[in-house]
Amino acid sequence: MKSILKPLLMIVAMALGMTAAATLPARALVELNVNKGNVEPLPIAITDFQGGDALGAEISGIVSADLKRSGLFAPIDKSAFIEKISNPDATPRFEDWKVINAQALVTGSVSKEADGRVRAQYRLWDTFAGQQMSGEQFFANDANTRRVAHIIADAIYERLTGEKGYFDTRVVFIDESGAKNARKKRLAIMDQDGANVRYLSDGRSIVLTPRFSPNRQEITYMSYESGQPKVYLLQIETGQRELVGDFPGMTFAPRFSPDGQKVIMSLLRDDGNSNIFAMDLRSRSTTRLTNSTAIDTSPSYSPDGSKVVFTSDRGGRAQIYVMGADGSGQTRISFGDGVYSTPVWSPRGDLIAFTKQTAGEFQIGVMRVDGSGERILSTGFQQEGPTWAPNGRVLMFFRDSAGGPKLVSVDLTGRNEQSIPTANFASDPAWSPLLE
């Protein structure tokens, strides 16, 4: 049995026994190669989880929605199901599922324990091999059943693709409401699918650029409550807040280092130049990393913390540069037409996402860390601010259309663009790591 400690929640996960025939190799017969350029979505049947009244259907519905939004799976309409699952622990009639081309099948159940906890279990079946691929059960309280569904979706995603999922995550963003000339901006957080929105600020001051710590339920962001932009740290669960530092001049674009021990940011001095500084959060000592007469901004660490990507207009217009984490070896890597901004390193370490403005259009794209292989994933009017899902396969950004900004996600193929539902306008998203 393995225990997974979640914020304000203990979820216990236990593997369910395989059927006698299920002596599978490390790779099942049914699998998805996500490294191909164009992936055909895998037909998958996800049955309503038995028991728990409407809760079973709700959990299976969330699992289905998560997998469908990834673009890698095509959940089959339930009206096509031939076998009606009544015992999710029994071996299914695989022939009934092969007839409707369900290459994978998910069954499950939900029940209430004597202590009041909810127990949810699932089994993933390879219908053409006639074998169980995986199975687990989870215990949680009523308030966290959506999280259980996301965890199950992550487990299915990983078993079928060989890569970590990204569904049990949250997104912090700026909620915008009111008239355009008097917009109220609040710090907000939600599940990655737009559910469970919670406000972290009251909207009395403008807030910008929230960013997650890589290893704590903590964010850094900017606030104008004192009339000047200042960088704060906020503990999400407790609401405890502290000022990172009272720097002279303007402060921009704070981000954490991969170990969560530093914040890197751009500071504007009296001479009008913007340079990049890193602050050690333990000692509060500050190190200057760039010293140019240009605007250096939007720094982002590589996943191993050894390098930093940033933008600078030292060559005449904003382009992307890479340097060592100590400021050494500053090298330009982008040479395309247009103006580049908001670079952010992929958690996999292989790509850098960016915003590019050219010919009156805004583009979200990626390039290799040496600047080669630039690809544009999305083009539109005034879109910017990419943030990576923790598995490095999906980006979220915001696009200004129909009177205000809304959140959008796109995968690395550029073919699976999805709108993220929010009650109000929304901007500046930042994706959390997988919750642990």
Side-chain angles (χ1 to χ4, degrees), residues 11-19 22 28 30 41-113 116-160 165 167-168 191-196 421:
I11 290 181
V12 179
M14 294 188 292
L16 297 179
M18 299 290 188
T19 59
V30 56
L42 179 80
I44 185 170
I46 303 170
T47 64
D48 286 345
F49 285 21
Q50 300 298 300
D53 299 322
L55 184 58
E58 179 186 353
I59 288 178
S60 62
I62 294 168
V63 171
S64 179
D66 280 347
L67 295 175
K68 182 178 181 179
R69 274 196 314 277
S70 75
L72 299 177
F73 301 90
I76 296 170
D77 193 302
K78 293 175 184 176
S79 65
F81 294 178
I82 298 171
E83 181 184 12
K84 305 304 178 186
I85 299 293
S86 58
N87 179 5
D89 295 327
T91 301
R93 296 197 305 265
F94 294 115
E95 290 302 319
D96 289 351
W97 299 101
K98 286 191 280 187
V99 166
I100 63 173
N101 194 35
Q103 296 182 37
L105 168 67
V106 178
T107 62
S109 65
V110 181
S111 61
K112 276 276 192 170
E113 299 294 290
R117 293 182 302 165
V118 172
R119 181 180 70 157
Q121 68 175 50
Y122 82 95
R123 294 180 189 270
L124 174 64
W125 306 87
D126 183 332
T127 58
F128 285 82
Q131 297 173 326
Q132 180 180 319
M133 299 175 68
S134 64
E136 288 180 286
Q137 62 182 1
F138 302 90
F139 296 85
N141 57 41
D142 284 331
N144 290 284
T145 51
R146 284 189 61 85
R147 289 218 38 218
V148 170
H150 292 317
I151 292 169
I152 291 173
D154 279 332
I156 294 168
Y157 182 102
E158 183 172 1
R159 188 65 184 88
L160 291 173
F167 307 119
D168 186 31
D191 295 352
Q192 52 80 26
D193 59 357
N196 291 334

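Here the shortest heavy-atom pairing between H150 and D193 reads CE1-OD2, 3.3 Å. Closest approach of A140 and V148 over heavy atoms only: CB-CG2, 3.7 Å. For G108 against T47, the heavy-atom pair with the smallest separation is N-OG1, 4.4 Å. Closest approach of G56 to V110, counting heavy atoms only: CA-CG2, 3.8 Å. Residues A80 and I100 approach most closely at O-CG2, 3.4 Å, considering heavy atoms. Listed here is the closest heavy atom pair of A90 and W125: O-CZ2, 3.8 Å.
Looking at D66 and Q192, their side chains do bring a donor and an acceptor atom within 3.5 Å of each other.
In this structure the side chain of L124 never reaches within 4.5 angstrom of the side chain of L105, judged on heavy atoms. Contact of the N141 side chain with the R117 side chain is not registered, since no non-hydrogen atoms from C-beta on lie closer than 4.5 Å.
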field: side-chain contact (heavy atoms from CB on, under 4.5 Å) between W97 and F81, intermediate numbers included
entry: CA-CA 7 Å; W97 299 101; F81 294 178; 3.6 Å; yes
- prompt: Does the side-chain contact (heavy atoms from CB on, under 4.5 Å) test come out yes or no for D89 and R123, once each step is laid out?
  reply: CA-CA 8 Å; D89 295 327; R123 294 180 189 270; 3.3 Å; yes
- request: Report the C-alpha separation of Y122 and F138 in whole Å, then their side-chain angles, then the decisive distance to 0.1 Å, and conclude whether the side-chain contact (heavy atoms from CB on, under 4.5 Å) test is met.
  value: CA-CA 9 Å; Y122 82 95; F138 302 90; 4.1 Å; yes
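Between the CG atom of L42 and the CG atom of L160 there is a distance of 6.0 Å, given to the nearest 0.5 Å. Atom OG1 of residue T127 and atom CZ of residue R93 lie 14.0 Å apart, to the nearest 0.5 angstrom. D126 contributes atom CG, which lies 9.0 Å from atom CZ of R159 (distance to the nearest 0.5 angstrom). Here the CD atom belonging to Q121 is positioned 7.5 Å from the OG atom belonging to S111, to the nearest 0.5 angstrom. Interatomic distance, E58 CD to R146 CZ, rounded to the nearest 0.5 Å: 7.0 Å. Going from atom CD1 of I46 over to atom CD1 of I152 covers 10.5 Å, rounded to the nearest 0.5 Å.
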Less than 3.5 Å apart, which donor and acceptor atoms pair up between the side chains of residues 72-79 and the rest of the protein, not counting sequence neighbours?
| from | atom 1 | to | atom 2 | distance (Å) |
| --- | --- | --- | --- | --- |
| D77 | OD1 | S79 | N | 2.8 |
| D77 | OD1 | S79 | OG | 2.8 |
| K78 | NZ | D48 | OD1 | 2.3 |

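For Y157 and F167, the gap between ring centers is short of 6.0 Å.
The one candidate from D168, D191, N196 that meets the side chain to side chain contact (heavy atoms under 4.5 Å, CB included) condition with R147 is D168.
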